[in-house]
Amino acid sequence: MIQRLSHASVYVIDQERAADFYVNKLGLEEKMRIPIGEDAFWITVSPKNQPEIEITLMPINKGGMFSPEVAKNLSELVAAGTFGFGVFECEDIYATYEELKGKGVTFSREPTEQFYGIEAMVKDDSGNWFSLVQRTDK
Amino acid sequence: MKEQAADIHPKMYMYKRIVEAKLYIDAHFHEKIDLTNIASQACFSKYHFLRLFKQAYGKSPHQYLTQVRLDRAKELLNKEHSIAETCEATGFDSIPSFTLLFKKQVGKTPKAYCDEQQAQRLAEQQAPFNYVPNCFSSSYGWKK
């Protein structure tokens with residue numbers, strides 16, 4: 001029986017830039033940074049209040065997972081905002097929105113009331129988007 | 001977009017001031033911070049400021065300041081800074097008070113934390129593939 005999620009991956013165009021974004025802009029914590037392969041690291045980040053789940057920042061252009069052609073296509077798809085990878089919850093979305101905007105984070109949708117809470121859409125530095133939610137239905 | 005958000009949510013200006021106070025703590029945590037001053041700079045009464053800050057961040061400004069200092073302390077200890085350097089760089093008054101608070105919040109003394117992190121780093125260096133699921137390392141062609 002599956003009991004919990006421990007890792008989830010997000011494909012990033014520049015691994016170091018992504019680590020800086022997730023740690024210094026979003027305020028996540030770097031959990032692991034292990035040199036592994038040429039110019040590549042196993043980098044994971046976690047929300048500070050949820051260390052048991054690790055988001056792995058997977059490099060598209062490093063290592064041998066993708067052929068150059070696939071890596072190029074995937075980079076273009078990521079940069080175009082094709083992929084959404086999850087939902088982050090926050091205590092107060094307006095405060096979080098204001099802070100992240102001030103740090104230069106791009107929002108493709110500003111906080112909007114939904115039936116489950118207030119939601120905004122955020123883009124990471126590669127182009128991946130995720131939902132940012134303040135739940136009001138709990 | 002900011003103006004639109006302010007229109008949608010009339011409290012955006014208030015949020016801006018609370019966020020500024022939070023960012024001030026983020027930038028000046030290593031200094032002696034007078035939280036009453038922060039409240040007045042944000043143009044709030046102390047009580048109003050405390051209430052709004054807690055509403056936005058789930059903890060009081062003092063609790064938040066302590067958390068920022070401890071998070072930074074953990075980072076510095078991870079980078080092999082001494083306990084004395086860490087204590088000074090994070091704005092704690094003295095090593096005993098730092099040690100006491102660190103143990104209370106983190107569950108171990110700074111020295112024990114430091115030793116544990118050092119052992120962890122060594123283990124990661126010696127056997128990196130023990131920490132990476134094989135399906136990822138093999139897909140990426142990362143060889144043992």
Side-chain angles (χ1 to χ4, degrees), chain A residues 6-9 11 15 23-24 27-44 48-49 51 54 56-67 71 89-103 105-113 118 120 134, chain B residues 1-27 52-59 64 67-68 70-72 74-75 78-79 117 120-121 123-144:
Chain A
S6 65
H7 292 74
S9 297
Y11 288 106
Q15 208 182 21
V23 172
N24 295 319
L28 275 61
E29 193 168 38
E30 190 171 286
K31 286 289 291 293
M32 288 223 149
R33 172 181 284 270
I34 299 177
I36 196 159
E38 196 177 333
D39 293 333
F41 291 84
W42 174 253
I43 299 177
T44 70
K48 283 182 178 167
N49 291 335
E54 296 181 56
T56 60
L57 306 177
M58 304 300 285
I60 297 172
N61 298 304
K62 301 274 172 66
M65 188 164 186
F66 303 114
S67 68
E89 289 186 12
C90 60
E91 191 98 27
D92 186 314
I93 197 162
Y94 290 105
T96 308
Y97 172 79
E98 192 61 34
E99 178 176 346
L100 297 185
K101 283 280 287 181
K103 289 179 175 175
V105 173
T106 304
F107 282 78
S108 46
R109 186 182 303 157
E110 60 190 50
T112 311
E113 291 198 13
I118 311 167
Q134 177 188 340
Chain B
M1 187 183 256
K2 196 173 278 182
E3 287 72 20
Q4 287 170 353
D7 291 343
I8 292 165
H9 201 285
K11 292 181 178 171
M12 282 311 277
Y13 179 64
M14 178 195 78
Y15 274 108
K16 197 174 174 62
R17 288 185 290 160
I18 287 293
V19 169
E20 279 169 5
K22 187 251 185 198
L23 293 176
Y24 182 86
I25 294 174
D26 287 345
L52 291 174
F53 194 97
K54 192 160 188 172
Q55 186 182 307
Y57 296 108
K59 52 191 70 165
Y64 179 73
Q67 182 207 305
V68 171
L70 288 174
D71 285 347
R72 180 64 181 148
K74 286 197 278 184
E75 278 175 35
N78 276 338
K79 291 176 183 166
Q117 294 299 311
Q120 175 70 23
R121 278 194 303 276
E124 288 170 5
Q125 281 167 12
Q126 287 174 343
F129 289 92
N130 288 352
Y131 298 89
V132 181
N134 183 62
C135 54
F136 285 104
S137 53
S138 58
S139 298
Y140 268 83
W142 295 333
K143 305 286 186 210
K144 289 189 184 183

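Throughout, protein chains are lettered first and strands after them, A, B, ... in sequence-line order, and every chain is numbered starting at 1. All values below come from the heavy atoms of this structure, side chains included, with hydrogens, waters and symmetry mates left out.
When the ring pair (Phe, Tyr, Trp, His ring centres under 6.0 Å) test is applied to B:Tyr24, the partners found at least two apart in sequence or on another chain are B:His28. Residues passing the ring pair (Phe, Tyr, Trp, His ring centres under 6.0 Å) test with B:Phe53, sequence neighbours excluded: B:Phe49, B:Tyr57, B:Tyr64.
Heavy atoms only, all atoms of each residue included: B:Pro128 and A:Pro35 are closest at CB-O, 4.3 Å.
Here the OG1-NZ distance, from A:Thr96 to B:Lys22, works out to 8.0 Å after rounding to the nearest 0.5 Å. Remark: A:Arg33 CZ to B:Asn78 CG distance equals 12.5 Å, nearest 0.5 Å. Here the OG1-OH distance, from A:Thr44 to B:Tyr131, works out to 12.5 Å after rounding to the nearest 0.5 Å.
The shortest distance between side-chain heavy atoms of B:Val19 and A:Lys101 does not fall below 4.5 Å. For the pair B:Ser137 and A:Trp42, the minimum side-chain heavy-atom distance is 4.5 Å or more.
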Legend entry - From CA spacing to verdict: side chain to side chain contact (heavy atoms under 4.5 Å, CB included), B:Phe136, A:Met58: CA-CA 9 Å; B:Phe136 285 104; A:Met58 304 300 285; 3.3 Å; yes
Inset, instruction - Determine, step by step, whether A:Ile34 and B:Phe129 satisfy the side chain to side chain contact (heavy atoms under 4.5 Å, CB included) criterion, reporting the C-alpha distance in whole Å, the side-chain angles of both residues, the deciding distance to 0.1 Å, and the verdict. - result: CA-CA 9 Å; A:Ile34 299 177; B:Phe129 289 92; over 6 Å; no
Legend entry - side chain to side chain contact (heavy atoms under 4.5 Å, CB included) between B:Glu124 and A:Met32, intermediate numbers included: CA-CA 9 Å; B:Glu124 288 170 5; A:Met32 288 223 149; 3.5 Å; yes
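Contact of B:Asp71 with chain A is made through the side chain alone, with heavy-atom distances under 4.5 Å. The part of B:Leu23 that comes within reach of chain A is its side chain, from C-beta onward, which places non-hydrogen atoms under 4.5 angstrom from that chain. Neither the backbone nor the side chain of A:Thr112 comes within contact range of chain B; no heavy atom of the residue lies under 4.5 Å from a heavy atom of that chain.
Remark: of the listed residues B:Glu20, B:Lys16, B:Arg17, B:Lys16 is the sole one forming a side-chain contact (heavy atoms from CB on, under 4.5 Å) with A:Glu98.
Crowding of A:Asn24 atom CG: a count of heavy atoms from other residues, nucleotides or ligands under 6.0 Å exceeding 12.
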